[in-house]
Amino acid sequence: MSSVHAPSRLSPDTLARLAKTGPRYTSYPTADRLHEGFGPAQWADALAARAGGEPLSLYVHIPFCDSVCYYCACNKVVTRHHERAARYLDALSREMAMQAALLGRRTAVAQLHFGGGTPTFLSDAELGRLMDDLRRHFDIQAGAEISIEVDPRTIDAQRLLNLARMGFNRLSFGVQDFDPAVQQAVHRVQPYEAVRGLMQAARAVGFPSINVDLIHGLPRQTAASFARTIARVGELRPDRIALYAYAHLPARFKPQRRILAEELPDPATRLALLGSAIDRLMDQGYAYIGMDHFALPEDSLARARAEGRLHRNFQGYSTEPDRDLLALGVSAISQVGPVYSQNHKDLEAYYQAVEAGGFPVERGLACSQEDVWRRRLIMDIMCRGRLDLRAAGGGADPEQVFAAELPQLRRLQAMGLLQLADGCLSVTEQGWFFVRAIAMVFDAYLRASATAERYSRIA
């Protein structure tokens, strides 16, 4: 297994050569391969076939936000009318009841995550109602990871205490950048002092795990300003950090049209921001987990990486093993065995389907045997940094089984990103920073079509 730790400096030449877009591989096939030929009936069959078995992961999507962040590419509904949440909670209750009925009442759940949008758009009473509904239909196990994404502008110390009392044990703070000029440019102003106070309050309440989300490549970011942000994050000492690359796609995401393209960092500055941030975070004692994730060495995510127990799902890297994921709410994507299903992205279409008594499925995919095989290959690379090519090919000669992939792998080997020896692929310490570039070699769909520009940047 390749080491959790990485070299203190990234190669500028490698950064420049791999400054391209690619899938994040939170699934394979990637979500853009789902199609509308798959509908509610196929999803009902998948749930019925799954009844019983291992514990689930649950995801609940809360789409509402008080205001729009210009960089955001999430499925969201911007509104000041908090009363709109009542109908949504009713729909969620109906949807989970339908799902649970096919799975078998009170299926065990080992992991629960609330994302958005802004989950803390909901009042404490509404969040409490939602948690009660989930516990009525599912058996949320003792020791389950129960996490929620938090907008620091929507909470205070009392709300943090209430979240802990509801059973949440992990918080993810959306920070993105602490520089006031950058915050103004993306319409998300939240002073450092306010976030610091909330994190101190969360520690006092006893939250065992706190994550901070950051974004590099935002408008008005400079090497100096982002270095200050990284330093301030280091002072807060979150258990985990996610450092995402901003993908500027204004043709697809309307809020991004409010970002001035001339204020975005140029490609050289973007690479400098990334390289410097990685250096500084590692100097602060964080272990590089993979992709854009960092964790303190004692955190469960770092331990899972070191012990080869890392997994990846639609929420990113996870400490849980490969579990089926049941996702509730508008636009949410589920995975049960070889089947993916995505709910309607339009809120009214979601309501109409659920209120009519049907699953709100808009599209999905039943994976082929090759899809399942390639998913295993890609997840081995993304999570463990190692792939036994001979075993993956059923003992056949890798030169034949992977004839299409080996020329690309040898080019990456020449760049120092991987090693090929004795029929095995091992990601190097340098290569771990570019692990999805290695995984992309095994993506049959990507190789067959010119679709890379729909994805976020590798570097």
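Heavy atoms only: backbone and side chains are in, while hydrogens, waters and symmetry mates are out.
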S172 OG to I148 CD1 distance, which is reported to the nearest 0.5 Å
10.0 Å
Derivation and outcome, side chain to side chain contact (heavy atoms under 4.5 Å, CB included), residues Q111 and N313
CA-CA 12 Å; Q111 187 178 44; N313 59 26; 3.9 Å; yes
Within 45° of the ring axis of Y286 and under 6.0 Å from its six-membered ring centre, is that where the NZ or CZ of R280 lies?
no
Any chance you could lay out the side chain to side chain contact (heavy atoms under 4.5 Å, CB included) test for E362 and D346, step after step, and finish with the verdict?
CA-CA 10 Å; E362 180 178 65; D346 176 75; 5.9 Å; no
D132: which residues meet the side-chain contact (heavy atoms from CB on, under 4.5 Å) condition with it, sequence neighbours left out?
none
Return the minimal non-hydrogen interatomic distance between L218 and Q221, and the atom names on each side.
N-OE1, 3.0 Å
Check whether any side-chain heavy atom of R129 lies under 4.5 Å from a side-chain heavy atom of L122, and answer yes or no.
no
Between S300 and R240, do the side chains contain a donor N or O and an acceptor N or O under 3.5 Å apart?
yes
Sequence neighbours left out, what pairs pass ring pair (Phe, Tyr, Trp, His ring centres under 6.0 Å) with at least one residue falling in residues 111-150?
Y59-H113, F64-F121, H82-F121, F114-F168
Spacing of L273 atom CG and S225 atom OG [to the nearest 0.5 Å]
7.0 Å
Applying side chain to side chain contact (heavy atoms under 4.5 Å, CB included) to Q430 and M415, what does each step give before you reach the verdict?
CA-CA 9 Å; Q430 183 76 196; M415 295 172 63; over 6 Å; no
Using the side chain to side chain contact (heavy atoms under 4.5 Å, CB included) rule, take N343 and E95 through it: C-alpha gap first, then chi angles, then the decisive distance, then the call.
CA-CA 11 Å; N343 285 348; E95 184 189 5; 2.9 Å; yes
Please, which pairs that meet salt bridge (Lys or Arg N to Asp or Glu O under 4.0 Å) have at least one residue in residues 171-184, sequence neighbours excluded?
D179-R228
A side-chain contact here means heavy atoms from C-beta on lying under 4.5 Å apart; do V60 and M96 qualify?
no
Closest heavy-atom pair, R270 versus A245, reported as atoms and distance to 0.1 Å, is NH2-CB, 3.9 Å
Closest non-hydrogen atoms of F178 and T229, given as atom of the first, atom of the second and distance, are N-OG1, 3.1 Å
Taking ring pair (Phe, Tyr, Trp, His ring centres under 6.0 Å) as the cut-off, I'd like each qualifying pair that reaches into residues 296-333, sequence neighbours left out, listed once.
H293-Y317
Does anything in residues 192-204 form a side chain to side chain donor-acceptor pair (under 3.5 Å)? List the pairs, not counting sequence neighbours.
Y192-E235, R203-D239
Indicate whether any N or O donor in one side chain lies under 3.5 Å from an N or O acceptor in the other, for Y246 and Q176.
no
Does either side chain, that of D443 or that of Y25, offer a donor lying less than 3.5 Å from an acceptor on the other one?
yes
Kindly state each residue pair satisfying side chain to side chain donor-acceptor pair (under 3.5 Å) with at least one member in residues 331-341, sequence neighbours excluded.
Y340-R375
